[in-house]
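Ligands are counted one by one from 1 in listed order, and the atoms in each one are counted from 1 as well.
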Amino acid sequence: MNALLLAGGLGTRLRPLTEQMPKPMALVANRPWLEHLVIHLKNQGIDHFVFAVKHYQELIRNHFGDGSRWGVSIRYALEPTLLGTAGAIKNAEDMLDERFIVVNADIVHEIQLLPLLEYHRQHGGLVTIGLTEVEDPTQYGVVEQDEHGRILRFVEKPRMEEAPSCKVNAGIYVMERQSLSYIPTNQAVSIERETFPLLIRETASVYGKVITGYWKDMGTKDRYRIIHWDILNRRFALPLSAQEKGQGIWVGDGCEIASGALLVPPVLIGNRVRIGERSIIGPYAVIGDDCLLGRNVRCSETIMWNRCKIGDAMHLNNCIFGNGLELGPSQILHGAVVNRMEVMRA
Ligand code: GTP
């Protein structure tokens, strides 16, 4: 059984970070999310992948190649034009096994696949949709199920009092190849809005199974930030490559932190980072590899990707910086999301 990862969308809500990069390549705790995802799925026995790509697909190909560095095999299904979440699956049809898994590659999660696969086998559905329970269903497509777990209908973004449940599509599916006959070739089609409702109308068997564990889609800047704070608080126990030097203080290899500088937990510092005297980094700061922070810098609630250079006396709060950003000295930035793509390397 192989897994198809949907990674071709434009990621408009995460701009400017995704202006010239696929959203699943956005760094999460200093590593592209897509890489965390491949490792997570590999740990559960998936070693054959198809990546459905389009927007800045070369960054994904350059980073992963054939997947051998991660001990997996990766093939690429490139769309001629963006075909939507269902069209992208149809476009990859020739590369997919009889039964396969589909994962929205922008969902940050620690989902265990086995219970979902077991449920799919037992119920014999054409599709089993992984469901997650959310507090506020009004932003999502909510499902109504019968007592056997079969999905009866989807209600898109219901008002609170009209929501039939708090269970929403988690963007993780187990599918039988046969289900692809419901998707037209070479047309833009959305799986959530068109294919699943069509399957239900045609009374094809679509089941839903609640999956537990951390789940959040990184589609917006707010959620992207929250995911990082959840990682730093260990609400989401994503494996980190840095070492925990003190409670809530993770530091990578080869860092030079001036003796008068202070790391305030929770904070994650990447590899080969240099931090100057009297700087205070954290709480809630994620600093990417090879960043250079000058003296007297204050940095809290901020996520910085790799190779950023922050001048002396910069005060940063609630910011997100793309790779290679150079700023300063002596500025106060609050809530800035800035990217400098010309130095972008995957
Ligand atoms: P927004 O523009 O912010 O809505 O983001 P998006 O369209 O990139 O992502 P969305 O949340 O709608 O899609 C969920 C996942 O499917 C993401 O990982 C996308 O990369 C992927 N995706 C969305 N549309 C397509 C598509 O047309 N082709 C492919 N291959 N992947 C897609």
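- Partners of Ile39 by side chain to side chain contact (heavy atoms under 4.5 Å, CB included), not counting sequence neighbours, listed by chain and number: Arg31, Glu35, Asn43, Trp70.
- Note on Glu133 versus Lys167: no salt bridge recorded, every NZ/NE/NH1/NH2 to OD/OE distance being 4.0 Å or above.
- With a 4.0 Å heavy-atom cut-off, ligand 1 is reached by the backbone of Leu83 but not by any atom from C-beta on.
- A salt bridge is defined here as a Lys NZ or Arg NE, NH1 or NH2 lying under 4.0 Å from an Asp or Glu carboxylate O, and Arg295 with Glu277 fails to meet this definition.
- With Met25, Lys23, Lys54, Glu79 as candidates, the residue nearest to atom 30 (N) of ligand 1 on a non-hydrogen basis is Glu79.
- For the 3.5 Å distance criterion, the side chains of Asp136 and Thr138 qualify, holding a donor opposite an acceptor.
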**Request:** Please lay out, stage by stage, how Thr220 and Asp222 fare under the test side chain to side chain donor-acceptor pair (under 3.5 Å).
**Result:** CA-CA 5 Å; Thr220 67; Asp222 280 347; 5.6 Å; no

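- Atom numbering of ligand 1 starts at 1 in the shown order; those under 4.0 Å from a heavy atom of Asn104 are 14 (C), 15 (C).
- Scanning all protein heavy atoms for the shortest distance to atom 20 (O) of ligand 1 gives Gly9 N, 2.9 Å.
- Distance from atom 31 (N) of ligand 1 to its nearest protein heavy atom, with residue and atom name: Gly8 N, 3.0 Å.
- On a distance-only criterion, Leu10 and ligand 1 share at least one N/O pair closer than 3.5 Å.
- The protein non-hydrogen atom at the shortest distance from atom 27 (O) of ligand 1 is Gly84 N, 2.6 Å.
- Remark: ligand 1 and Leu14 share no N or O pair separated by less than 3.5 Å (distance only, no angle test).
- Under a 4.0 Å N-O distance rule, the pair Asp290/Arg272 qualifies as a salt bridge.
- Counting atoms of ligand 1 from 1 in the listed order, those under 4.0 Å from a heavy atom of Ala52 are 30 (N).
- Looking only at protein heavy atoms, the nearest one to atom 2 (O) of ligand 1 is Thr12 OG1, 2.6 Å.
- Nearest non-hydrogen protein atom to atom 15 (C) of ligand 1 is Asp106 OD1, 3.6 Å.
- The distance criterion of under 3.5 Å between nitrogen or oxygen atoms is not met by Pro24 with respect to ligand 1.
- Remark: ligand 1 and Gly219 share no N or O pair separated by less than 3.5 Å (distance only, no angle test).
- Using a 3.5 Å distance cut-off with no hydrogens or angles, the side chains of Asn233 and Tyr284 do pair a donor with an acceptor.
- Asn296 places no side-chain N or O within donor-acceptor distance of the main-chain N or O of Asp312, the cut-off being under 3.5 Å.
- Note: no N/O pair closer than 3.5 Å links Ala88 and ligand 1 by distance alone.
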**Request:** Could you check Tyr173 against Phe196 for side chain to side chain contact (heavy atoms under 4.5 Å, CB included), going step by step and ending with a plain yes or no?
**Result:** CA-CA 11 Å; Tyr173 323 117; Phe196 289 154; 3.5 Å; yes

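- Residue Thr85 places no N or O, backbone or side chain, under 3.5 Å from any N or O of ligand 1.
- Atom SG of Cys299 and atom CZ of Phe321 lie 7.5 Å apart (nearest 0.5 Å).
- Closest protein heavy atom to atom 12 (O) of ligand 1: Arg13 NH2, 4.4 Å.
- Shortest contact from atom 18 (O) of ligand 1 to any protein heavy atom: Leu6 O, 2.8 Å.
- The protein non-hydrogen atom at the shortest distance from atom 6 (P) of ligand 1 is Gly11 N, 3.6 Å.
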**Message:** Let's go through Glu118 and Arg121 carefully: what are the C-alpha distance in whole Å and the side-chain angles of both, what is the deciding distance for salt bridge (Lys or Arg N to Asp or Glu O under 4.0 Å) to 0.1 Å, and is it a yes or a no?
**Reply:** CA-CA 5 Å; Glu118 207 36 55; Arg121 263 184 223 116; 3.0 Å; yes

